[in-house]
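Worksheet: the structure to be examined is printed underneath.
Since this is a predicted model, take the numbers as computed values, not measurements. The analysis underlying the following values was restricted to heavy atoms, covering all of them including side chains, and did not include hydrogens, waters or symmetry mates.
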Amino acid sequence: MVNPASSISKIEDIPSQETVFDFLGRRSTIGPAADERWYSVKGLLMALPRVAQLLLEGQPGTTLTVAGWVRTRRDNPAFSFIELNDGSCLSNLQIVVDASVPGYAETIKLATTGASVRIEGELKACPAGAKQRVELHAKSLEVLGVADAKTYPLQKKGHSWEFLRGIAHLRPRTNTFGAMARVRNTVSYSIHRFFQERGFVYVHTPIITTSDCEGAGEMFQVTTLDLERLAKSTPASNAAPLVDYTQDFFGKKAHLTVSGQLEGETYATAVGPIYTFGPTFRAENSNTTRHLAEFWMIEPEMPFYELDDNMQLAEEFIKTIVRDVLRERAEDMAFFNDRIDKTILATLQNILDHDFKRVSYTEAVDILTTCGQKFEYPVEWGINLQAEHERYLTEKHFQQPIIVYNYPRTLKPFYMKCNDDGKTVRAMDVLVPGVGEIIGGSQREDELDTLLSRMQECHLNPDDYWWYVDLRRYGSVPHAGFGLGLERMILLLTGMQNIRDVIPYPRFPGSAEF
RNA sequence: UCCCUGGUAGCUCAAUGGUAGAGCGAGCGGCUGUUAACCGCUAGGUUCUAGGUUCGAGUCCUAGCCGGGGAGCCA
């Protein structure tokens, strides 16, 4: 059952001006007139059509070859239905394999759930009453890789999230995780597009840092020192430190970054608005549905922006992502609305339809203390808003995303701009129903003396931040920025409950499997 | 880290201290348009681990391991 179409394996074999299908299953034409992006990914283009594209605009009468994985198979005496999924979209392509197909008796038995197959056939319109528009009538069926039904863990039934987390290498083959991967991809592209269209420069801030305390949580240490040997050794004298970091790889103690903000500011005050988009690491012992030890964060930083500008950009940013995902991943979003959270589409539309309510911390405290609602933790000016408080504000009182700003300075890091009242700083948190804090940001302190006294207040040594302080010494300007947790954005978009299920391979305390 | 809760068939779950079960999945058979297909039959268990109480423990007690939910930290 050799398939002639499979001989197209190298990009050179695809004639110029040929119609091909990109990774989203969209049709495109490559050739001399095509734009650069196409050339740069030419080698990755699939010579086979994708299911997404066939379901959308495949024409009956076309003979073609598809390949993918069997989701399920339904047998009749004279033929079988194969549900073929290639990951290009949620839906499967229904394959009709008649018993007259060469080798049917032996081959069809191997086409079990999870097996990979390649099929050549003719696209035909479905009989009236069928769910789908077209289906493929096989002329040949080739099983590329079997999946022993006795041991293949995925069944055609619902699995618990815990179980799927244990088979994180196979869960992308489920509807939910396939949809999650596509939404994640669309969000990532939307984020780059949002900033690129506004002239932001994408800056790659370091992953490894020797700033001892960036003020955003516990850090993972990075070292090439032989810890096992050190554990066995005894100090030469009481005075000598057991660990000599001058002998370590960087000559001093190093960590994985918890934020690219400080380095981001240096480029923002040179090349204009910038953004970072990369992995971030927090060694907090957090066991929640909203925290990961390794997550992806987007941090824009804008010169000449004050707090109001910052809030406006954050709102536009979130709305743009929501709009793009609703438009570009309609089928996946309908799935999330149907199977994961029945209110998710209405929630997202609600986000698009309203301006984010801007509430100062002081106003928020007033609302919470006069609303009559009983809270486990009492509210008073100067305390951190608890999750229950934030939830009340965004889910009950306003029932839409809100931005809380001007927090007490005792609650916030040293780099946030002090207000003239002497009590508050120009911080802002964007809170959304269901997820809570999704963005945290601020206008930055741009006055040298104020920054130095704030560092003192926070027990930080300005010498450790000499290069950061220099920005206020040389050509200082007002500037602002914020951080968006990518995974929290995906939670908001999909209605998924656990942050461990919106990242391919979650890392959290006690778990870095795969 | 704290509080709550759970661990039984491949998966999802039942089982008053008294013979460990169902649905789905799997295997086999049937069915000429199915679509979480349907119908019939069959197989499938160290009840997380180690102790203890008891005539008898999946069930009660102690400890441990692992998971889930909530809180804190934050994005």
Side-chain angles (χ1 to χ4, degrees), chain A residues 71-84 91-99 109 112-114 124 126-132 135 137 147-167 174-175 214-218 258-261 279-299 314 339 375-377 384-391 411-413 429-432 435-441 482-492 497-503 508-511 513:
Chain A
R71 278 297 170 80
T72 181
R73 194 187 81 221
R74 294 178 292 273
D75 293 333
N76 278 308
F79 58 92
S80 287
F81 295 108
I82 289 175
E83 293 284 342
L84 182 84
S91 293
N92 306 315
L93 177 65
Q94 177 164 284
I95 315 286
V96 183
V97 188
D98 194 84
K109 284 184 186 160
T112 56
T113 301
K124 290 187 178 176
C126 287
K131 285 182 178 176
Q132 56 282 338
E135 63 191 9
H137 288 244
D148 184 0
K150 285 197 181 68
T151 57
Y152 187 62
L154 287 173
Q155 304 170 356
K156 33 182 193 176
K157 55 164 292 195
H159 292 286
S160 67
W161 302 116
E162 298 90 312
F163 173 72
L164 290 169
R165 238 168 266 150
I167 50 166
T174 65
N175 285 337
E214 292 184 11
E218 294 294 312
V258 294
S259 165
Q261 179 201 319
T280 304
F281 308 90
R282 305 265 167 100
E284 304 285 350
N285 191 8
S286 293
N287 290 291
T288 81
T289 53
R290 291 180 304 282
H291 290 85
L292 289 167
E294 177 184 280
F295 63 100
W296 287 68
M297 189 155 66
I298 297 93
E299 296 181 288
R339 297 298 184 88
F375 294 110
E376 192 184 341
Y377 295 88
N384 250 321
L385 296 182
Q386 305 288 315
E388 57 170 344
H389 305 143
E390 296 182 345
R391 206 173 298 130
L411 301 179
K412 294 292 183 182
D429 285 352
V430 178
L431 311 178
V432 293
V435 178
E437 183 180 344
I438 196 167
I439 278 180
F482 59 81
L484 170 85
L486 178 68
E487 286 74 20
R488 289 194 181 171
M489 188 67 209
I490 314 271
L491 286 179
L492 172 67
Q497 294 294 302
N498 196 320
I499 202 162
R500 296 171 185 180
D501 298 325
V502 295
I503 188 169
F508 50 95
S511 179
E513 192 62 46

Report summary line: Closest to the side chain of A:Asn76, out of B:A75, B:C31, B:G68, is B:C31
Query - Base of B:C31 paired with side chain of A:Arg74 (donor-acceptor, under 3.5 Å) - result: no
Query - Protein-nucleotide distance (A:Asn384, atom CG; B:A71, atom C1'), rounded to Å - result: 14 Å
Report task. Mind checking A:Phe163 for me? I need base, sugar-phosphate or nothing, with any heavy atom below 4.0 Å counting as a touch. Result -> sugar-phosphate
Requested in this report: Take atom P in B:U8 and the same atom in B:U47, then report the distance between them in whole Å.
Outcome: 11 Å
Query raised in the report: What integer number of Å spans the C1' atoms of B:G69 and B:C61?
Result: 26 Å
Report task. Tell me whether the OP1 or OP2 atom of B:G70 has a side-chain N or O from A:Arg290 closer than 4.0 Å. Result -> no
Query raised in the report: Expressed in whole Å, how much space separates the C1' atoms belonging to B:G17 and B:C60?
Result: 8 Å
Query - Length of the line joining A:Ile438:CD1 and B:A75:P, which is rounded to integer Å - result: 12 Å
**Report entry** C1' spacing across the pair B:C48 / B:A57, given as an integer number of angstrom
**Finding:** 16 Å
Query raised in the report: What nucleic acid atoms does A:Glu83 come within less than 4.0 Å of, heavy atoms only: base, sugar-phosphate, or nothing?
Result: base
Query raised in the report: Does a side-chain N or O from A:Asn285 land closer than 4.0 Å to OP1 or OP2 of B:U1, or not?
Result: yes
Report task. For B:A9 and B:G21, measure between their C1' atoms and round to the nearest Å. Result -> 10 Å
Report summary line: From the candidates B:G72, B:U34, B:C31, the one with an atom nearest any side-chain atom of A:Pro77 is B:C31
Query raised in the report: Can you check whether A:His389 and A:Phe375 have ring centres sitting under 6.0 Å from each other?
Result: yes
**Report entry** Centroid under 5.5 Å and tilt under 30°, A:Phe81 to B:G33
**Finding:** no
Report summary line: When both distances are under 3.5 Å in a Watson-Crick or G-U wobble arrangement, the nucleotide paired with B:U1 is B:A71
Query raised in the report: Taking atom P in both B:C2 and B:A20, what distance in whole Å separates the two?
Result: 39 Å
Report task. Test for a donor-acceptor pair under 3.5 Å between the base of B:G33 and the side chain of A:Glu135, counting only N and O atoms. Result -> yes
Query raised in the report: Of all the choices, B:U12, B:C31, B:U1, which nucleotide is nearest to the side chain of A:Asn287 once you look at every atom?
Result: B:U1
Query raised in the report: Any donor-acceptor pair under 3.5 Å linking the side chain of A:Glu388 with the backbone of A:Tyr377?
Result: yes
Query - Heavy-atom closest pair, residues A:Asp98 and A:Phe79 - result: CA-CB, 3.8 Å
Requested in this report: Pick base, sugar-phosphate or nothing for A:Ile298, based on heavy-atom distances below 4.0 Å to the nucleic acid.
Outcome: nothing
Requested in this report: Return yes if the base of B:A75 and the side-chain atoms of A:Arg282 contain a donor-acceptor N/O pair under 3.5 Å, otherwise no.
Outcome: yes
**Report entry** B:C3 to B:G72 separation - C1' atoms, rounded to the nearest Å
**Finding:** 11 Å
Report task. Between B:A14 and B:G23, how far apart are the P atoms? Round to whole Å, please. Result -> 16 Å
Query - Atom pair CE (A:Met297) and CD (A:Gln261), whose distance is rounded to the nearest 0.5 Å - result: 8.5 Å
Query raised in the report: Within a strict 4.5 Å, meaning less than it, do heavy atoms of the A:Glu437 and A:Arg488 side chains meet?
Result: yes
Query raised in the report: More 5' along RNA chain B: A:Thr72 or A:Glu437, using each one's nearest nucleotide?
Result: A:Thr72
Requested in this report: Spell out, as yes or no, whether a donor-acceptor pair under 3.5 Å connects the side chain of A:Glu284 to the backbone of A:Glu218.
Outcome: yes
Query raised in the report: A:Arg500 near the nucleic acid: base, sugar-phosphate alone, or nothing, with a heavy-atom cut-off under 4.0 Å?
Result: sugar-phosphate
Query - Base B:G10 to side chain A:Gln155, donor-acceptor N/O within 3.5 Å cut-off - result: yes
**Report entry** Of the listed nucleotides B:A26, B:U12, B:U34, the one nearest the side chain of A:Gln94
**Finding:** B:U34
